[in-house]
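Written out below as structure tokens is the structure these notes cover.
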Amino acid sequence: MDKLKFEDLGLSKELLRAVEDMGFEEPSPIQRQAIPVVLEGKDVIGQAQTGTGKTAAFGMPVLELINSEKVLQAVILCPTRELAIQVAEEMKKLGKYKKGIEILPVYGGQSIDRQIKSLKKGVHIIVGTPGRVMDHINRNTIDLSKIKVFVLDEADEMLDMGFREDIEFILKKAPVERQTLLFSATMPKPILELTEKYQKNPQTVKVVHKELTAPKIEQYYFEVKEKNKLDVLSRVIDVYNPYQSLVFCNTKKKVDELVDELQSRGYAADGLHGDMKQSQRDKVMAKFRKGITEILVATDVAARGIDVENIDTVFNYDMPQDEEYYVHRIGRTARAGKSGRAFTFVAGRDFYKLKDIQRYTKTKIIRKDIPTIGDVEEIKNNALIERIKAVVEEGGLEKYSSIVEKLLDEEYSSLDVCAALIKMLSKKDDRVENADDEFDFENTGGAPGMARLFINIGRRNHITPKNIVGAIAGETGLPGKLIGTIDIYDKYTFVEVPKEYASEVIKVMKDNEIKGNKVNIEPANAR
Ligand SMILES: Nc1ncnc2c1ncn2[C@@H]1O[C@H](COP(=O)(O)OP(=O)(O)OP(=O)(O)O)[C@@H](O)[C@H]1O
Ligand SMILES: [Mg+2]
């Protein structure tokens with residue numbers, strides 16, 4: 001069975017040529033198994049891991065099942081607009097040599113008039129989202145009476161409660177003798193029971209694996225506190241240096257916030273969610289596909305089906321709501337035989353969900369230590385050393401030598417001069433100075449609700465408790481009465497501040513000055 005080539009699957013030479021153009025050397029297992037069954041005219045439930053070519057597994061036989069008569073013969077439904085666009089693109093590539101076959105993506109947010117114009121010209125296959133397809137049915141601009149084949153990509157998602165009514169409405173408009181194909185990486189039982197209703201003697205084509213997730217994804221988790229997620233994300237990105245990554249949040253608001261924060265830290269990040277205008281969504285996707293955007297922060301709108309070649313890392317910044325979503329989210333990496341990594345942030349009660357996910361996917365998600373500031377620095381230093389070496393190797397430095405000589409004449413050592421230059425260089429892209437995730441304010445010995453902080457002020461000649469409270473209040477905007485100093489010793493003091501402000505106080509006061517004395521501040525239990 002595994003020896004079957006594209007030529008053995010009963011496909012026309014037009015499709016074989018297209019597949020060759022696309023660089024597919026041999027069919028993937030789901031393609032080997034599903035294509036002949038669909039060509040035989042059977043209904044199919046196709047399940048195979050993410051990134052294993054399910055699109056072509058239904059796309060190729062769909063293209064073979066239709067003829068050039070100018071009527072709508074196939075409908076492919078997808079849960080999101082981005083996926084509809086992508087699947088239509090792949091279908092167009094596959095159908096490149098099938099002359100006179102028109103394929104049209106039909107999705108919300110795009111001018112309906114323009115779609116109607118295109119539909120009027122005669123279209124053989126539409127790839128659409130349920131809402132917009134329904135809209136066209138109601139306007140009589142789509143006629144399903146000649147439909148031969150119907151595909152639900154991401155079938156479980158499409159048949160989930162949210163989409164079911166729309167799907168049923170659409171399916172009822174198609175002839176009963178049509179073929180119905182369902183594809184997804186996940187097929188939860190309740191959905192399988194439902195398929196009876198929509199299919200006739202469906203044949204299940206399941207590429208069996210022990211685990212549900214794609215095999216080449218290394219799966220890790222970090223134990224984090226909610227408030228430290230941003231710093232942990234920055235550190236992990238700095239240390240692992242992903243080529244392109246996808247970061248999943250559970251809400252649109254969180255996506256917007258995280259994008260702002262990442263951008264202000266200097267990362268090439270962008271966001272994608274359902275509240276954005278379609279033109280904006282299209283721009284974001286185009287920039288991400290081109291590799292201009294390195295980090296795409298998204299809601300689950302990007303979880304299913306999206307195929308971007310260079311995503312090597314997926315972050316579950318928020319724990320996915322259900323097990324299936326974990327599978328689809330991390331499946332945005334390690335596609336078509338490549339490898340990838342998935343990092344899941346586990347905060348508090350998420351731990352129980354993590355266990356459920358592992359049970360469902362039959363995989364082990366391995367705990368990883370959060371990179372320390374030291375790790376980040378080491379990586380950055382190494383990168384800097386490499387950069388400097390490369391510049392030295394490149395040569396052409398004569399022009400700058402005279403400046404160095406001038407400095408050396410002034411009795412600075414060459415070591416001092418170099419160190420100063422490196423300091424100037426690395427200040428530019430220092431994104432993690434404020435990282436604070438190591439702080440634990442639970443056992444600082446403060447009064448209830450308060451965190452006890454240790455402050456070292458060096459030579460604190462004329463510093464009084466009032467000075468300290470005043471400085472902290474002034475710098476942080478925290479009401480002075482909330483801050484209680486405990487004791488001033490020779491060179492250090494303890495301060496108590498409300499726990500929820502403690503990390504902010506440390507951030508703001510660190511490397512600050514009180515009466516001309518440098519402040520060093522940390523939780524009392526960190527010493
Ligand atoms: N036979 C093949 N050989 C090489 N690459 C292939 C082959 N078939 C498909 N691909 C490529 O593999 C990638 C993943 O395919 P596709 O998007 O169809 O996966 P999928 O199984 O639908 O995944 P998901 O469950 O995430 O939707 C695409 O870039 C596709 O072009
Ligand atoms: Mg797919």
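The basis for the numbers below is simple: all heavy atoms, side chains too, and nothing from hydrogens, waters or symmetry mates. Whatever order the structure lists ligands and atoms in, that order sets their numbers, starting from 1. Computed from a prediction, not measured in an experiment: that's the story for all the values here.
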Side-chain donor-acceptor pair present, Glu64, Ser12, cut-off under 3.5 Å: yes

More than 12 heavy atoms from other groups under 6.0 Å of NZ on Lys5: no

Counting only heavy atoms closer than 4.0 Å, does ligand 1 sit against the backbone of Glu90, its side chain, both, or neither? side chain

What are the atoms of ligand 1, with element, lying closer than 4.0 Å to any heavy atom of Ser28? 1 (N)

Polar atom proximity, Gln86 to ligand 1 (N or O, under 3.5 Å): no

Can you find a non-hydrogen atom of Phe6 under 4.0 Å from ligand 1? yes

Side chains of Ile357 and Tyr325: does their closest heavy-atom pair fall under 4.5 Å? no

To which protein heavy atom is atom 25 (O) of ligand 1 closest, and what is the distance rounded to 0.1 Å? Lys54 NZ, 2.7 Å

Below a 4.0 angstrom heavy-atom separation, can you tell me which part of Arg335, side chain or backbone, both or neither, approaches ligand 1? side chain

Side chain or backbone, does Ala336 bring an N or O within less than 3.5 Å of an N or O on ligand 1? no

If you measure only the distance, is there a donor-acceptor pair under 3.5 Å linking the side chains of Asp238 and Tyr267? yes

For the CD atom of Glu7 and the CG atom of Leu15, what is their distance to the nearest 0.5 Å? 12.0 Å

Work out whether the distance between some heavy atom of Gln49 and some atom of ligand 1 is less than 4.0 Å. yes

Cation over ring face, Lys368 and Tyr220, 6.0 Å, 45°: yes

For ligand 1, which atoms have a heavy atom of Thr52 less than 4.0 angstrom away? 19 (O), 20 (P), 21 (O)

Pairing donors with acceptors under 3.5 angstrom, does anything connect the side chains of His328 and Thr186? yes

Close side-chain approach of Glu154 and Cys78, heavy atoms under 4.5 Å: no

Distance to 0.1 Å, residue and atom name: give those for the protein heavy atom nearest to atom 4 (C) of ligand 1. Phe24 CD1, 3.6 Å

Determine whether the side chain, the backbone, both or neither of Gln31 has a heavy atom under 4.0 Å from any heavy atom of ligand 1. side chain

No-hydrogen, no-angle side-chain donor-acceptor test under 3.5 Å, Thr213 and Gln219: yes

Under 4.0 Å, counting heavy atoms only: does Arg304 come that close to any atom of ligand 1? no

Is the number of heavy atoms from other residues, nucleotides or ligands under 6.0 Å of Glu309 CD greater than 12? no

Counting heavy atoms only, which part of Arg332 comes closer than 4.0 Å to ligand 1: side chain, backbone, both or neither? side chain

State whether the side chain of Asp160 and the backbone N or O of Gly162 hold a donor-acceptor pair below 3.5 Å, judged by distance alone. no

among protein heavy atoms, the one nearest atom 23 (O) of ligand 1 is Gly51 N, 2.8 Å

Atom 18 (O) of ligand 1: nearest protein contact (heavy atom, Å): Thr55 OG1, 2.6 Å

Within reach of ligand 1, part of Phe58 (heavy-atom separation under 4.0 Å): neither

If we set the cut-off at 4.0 Å for heavy atoms, which region of Asp307 has an atom near ligand 1: side chain, backbone, both, or neither? side chain

Identify, by atom number and element, the atoms of ligand 1 in contact range of Glu154, meaning under 4.0 Å from any of its heavy atoms. 27 (O)

Which ligand 1 atoms does Glu26 reach within 4.0 Å, using its non-hydrogen atoms? 1 (N), 2 (C), 3 (N)

Is the closest heavy atom of Ala48 to ligand 1 under 4.0 Å? no

Is the side chain of Gln115 donor-acceptor paired with the backbone N or O of Val106 at a distance under 3.5 Å, no angle test? no

